[in-house]
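Everything on this sheet refers to the single structure shown next.
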Number of protein chains: 2
Amino acid sequence: MSVLNNAADVLRCFGNDCPDLTVSDVVRLLGMPKANASRLLKAMREANMLETIGDSHRHRPGRLMLDLAAAYRRSSLLIGRASEVVAEASTTFGHTGYISVRDGKEVTAVADFQGTNALRVVSNIGRRLPAHLSATGRSLLARLGDEAVHALYTGHGVLADLTEQLSKVRHQGFAYSSQEATPGVDAIAISVADPRTDEAVSLCIVYPHALVDIKGRDEMIAALAKGAARIAEDLGDSAFVAPRI
Amino acid sequence: MSVLNNAADVLRCFGNDCPDLTVSDVVRLLGMPKANASRLLKAMREANMLETIGDSHRHRPGRLMLDLAAAYRRSSLLIGRASEVVAEASTTFGHTGYISVRDGKEVTAVADFQGTNALRVVSNIGRRLPAHLSATGRSLLARLGDEAVHALYTGHGVLADLTEQLSKVRHQGFAYSSQEATPGVDAIAISVADPRTDEAVSLCIVYPHALVDIKGRDEMIAALAKGAARIAEDLGDSAFVAPRI
DNA sequence: ACCTGAGTTCCATTTAATGGAACGACTCGG
DNA sequence: CCGAGTCGTTCCATTAAATGGAACTCAGGT
């Protein structure tokens, strides 16, 4: 199924900083003969996996792809439950919230809730972040054992640091980052899992550093923790530890 | 590229009321030999186009698919501009807002902004709606000429009715629906296009019928109209007609 | 133990993908 | 107006992969 893998490789090119692709982009990025690239993009176009932008030669993901993220959300009871919790916290506090999942060493948001405050962190759903460099990622990595984390990050340089951070996350029951990925932006994250499906998601609130003091932060942690605890209980997530604030 | 088309057919199965698929679901829905279905799902799994839910045999879209809708959004200046407008209107009025695109006779949301009011319409991003049965769909269909609409809906029964509705939409400059798709839910929609790329999007606000009178509705229309007009001017959408309230 | 339904694997056959090269379309600079 | 450069598509013989019937495995149910 070489075509399928090539098609998947093409779709992977759209990650983060590449909103569109041409035949020669694909040739450059994937190193395939341009005859193949041309036919592959054509076939993907005809299958609605891609579409051209206007009448140019630039391609973006096709309409077929638009609803799949939603199908993913619908397939998961856990994501639905987590979304309710974060949506409520987001409207209560006015800050932007996410639900994220981990994929190897990366995390990606599957749902987002825009904050309502005049100064709020803009949602970056669909952007993959390095798991070890974000609160939401660390809240998910903390669910793994030290061995599993070691296996993931072996030879990575950050391992010692990360191991220490994760043990703190495990002890606290939540992950916290202050101006880590983005200057002026703090984040809190709590993870919860569904043992029946082996899924784990992170409930996350991001907010402007200047707007929230420790007391305000702890209120948000408490709100997320309360919702997460109920989910953990209902689904039987025995690994969940209630945050200590 | 028969594999690609089969893979696309599998992905199409996830639309609306099908959150997961098994091998035999695929056999039933697509009528392919089960040997093929089994190998196809396996290949799609290995390409990250699908993933299994837990260790069951049920499949959902894979992680690879999660970011593609975001790449679609990023590829389009028009969607970005429209999102700003709807996000602002959504926070101002507290109602849920969407950006949608048309795909033949269907519309699908590409971005959503949850309302903040206690009573608000829940977002249904990723669900395809019949274009002729929704305000957002009609606001997009209204951009087509009568001939194009006729060609789309020929032999469809609704054509006469629809043509009349669309001429009203064209005259008013906005589409309106009251308790059409969902009891108790009203919607307003205004479309705007980017002539350089031939894209058209609909800016839409949905709200509980009981909460908003005509005056409130007209304020929201005015807010969307103002934003849409600016977009139309900046991008050169000469077909845009400013709503008359 | 025996069935039934779902999923996978095997194998010969058919069908489609591959990539080098030739061809067409467009742009830029002279 | 021409030629060089870039980009995309098409052609064709070769090679590799998809196909589907049948046999096989692995549950859960009786």
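Each chain gets a letter, A, B and so on, in the order the sequences are listed, and its residues count up from 1.
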When you measure from the side-chain N and O atoms of [X] to the phosphate of [N], is any distance below 4.0 Å, counting only OP1 and OP2?
X	N	answer
B/Asn6	D/dT19	yes
A/Ser2	D/dA16	no
A/Lys42	D/dT10	yes
B/Ser24	C/dG5	no

Nearest-Å distance, [atom1] ([X]) to [atom2] ([N])?
X	N	atom1	atom2	value
A/Leu40	D/dT10	CG	C1'	16 Å
B/Asp55	C/dG7	CG	P	14 Å
B/Asn36	D/dG20	CG	P	5 Å
A/Leu41	D/dG8	CG	P	9 Å
A/Asp25	D/dT6	CG	C1'	13 Å
B/His59	C/dT8	NE2	C1'	12 Å
A/His57	C/dG24	NE2	P	16 Å
A/Leu4	D/dA16	CG	C1'	15 Å

Check your understanding: Between D/dG8, C/dA17, C/dG7, which one does the side chain of A/Thr22 approach most closely?
Key -> D/dG8
**Study point:** Nearest to side-chain heavy atoms of B/Arg39, which nucleotide of C/dC10, C/dT8, C/dT18
**Key:** C/dC10
**Study point:** Heavy-atom closest pair, residues A/Ser90 and A/Thr96
**Key:** OG-CA, 4.4 Å
Practice item. For DNA chain D, produce a single dot-bracket line, 5' to 3'. Pairs: Watson-Crick or G-U wobble, both distances under 3.5 Å. Symbols: ( ) within strand, [ ] crossing, | other strand, . unpaired. Key: ||||||||||||||||||||||||||||||
Could you tell me whether the side chain of [X] and the main chain of [Y] form a donor-acceptor pair under 3.5 Å?
X	Y	answer
B/Ser83	B/Ile79	yes
A/Arg60	B/Arg73	no
A/Arg143	A/Ser191	yes

Check your understanding: Are A/Asp194 and A/Arg81 ion-paired here, with the side-chain N under 4.0 Å from a carboxylate O?
Key -> no
**Study point:** Under-4.0 Å salt bridge between B/Arg170 and B/Asp146
**Key:** yes
Practice item. With DNA chain C as reference, determine whether B/Arg28 or B/Ala35 sits nearer its 5' end, using the nearest nucleotide of each. Key: B/Arg28
Practice item. Say whether A/Asp25 and A/Thr22, considering side chains only, have a donor N or O and an acceptor N or O under 3.5 Å apart. Key: yes
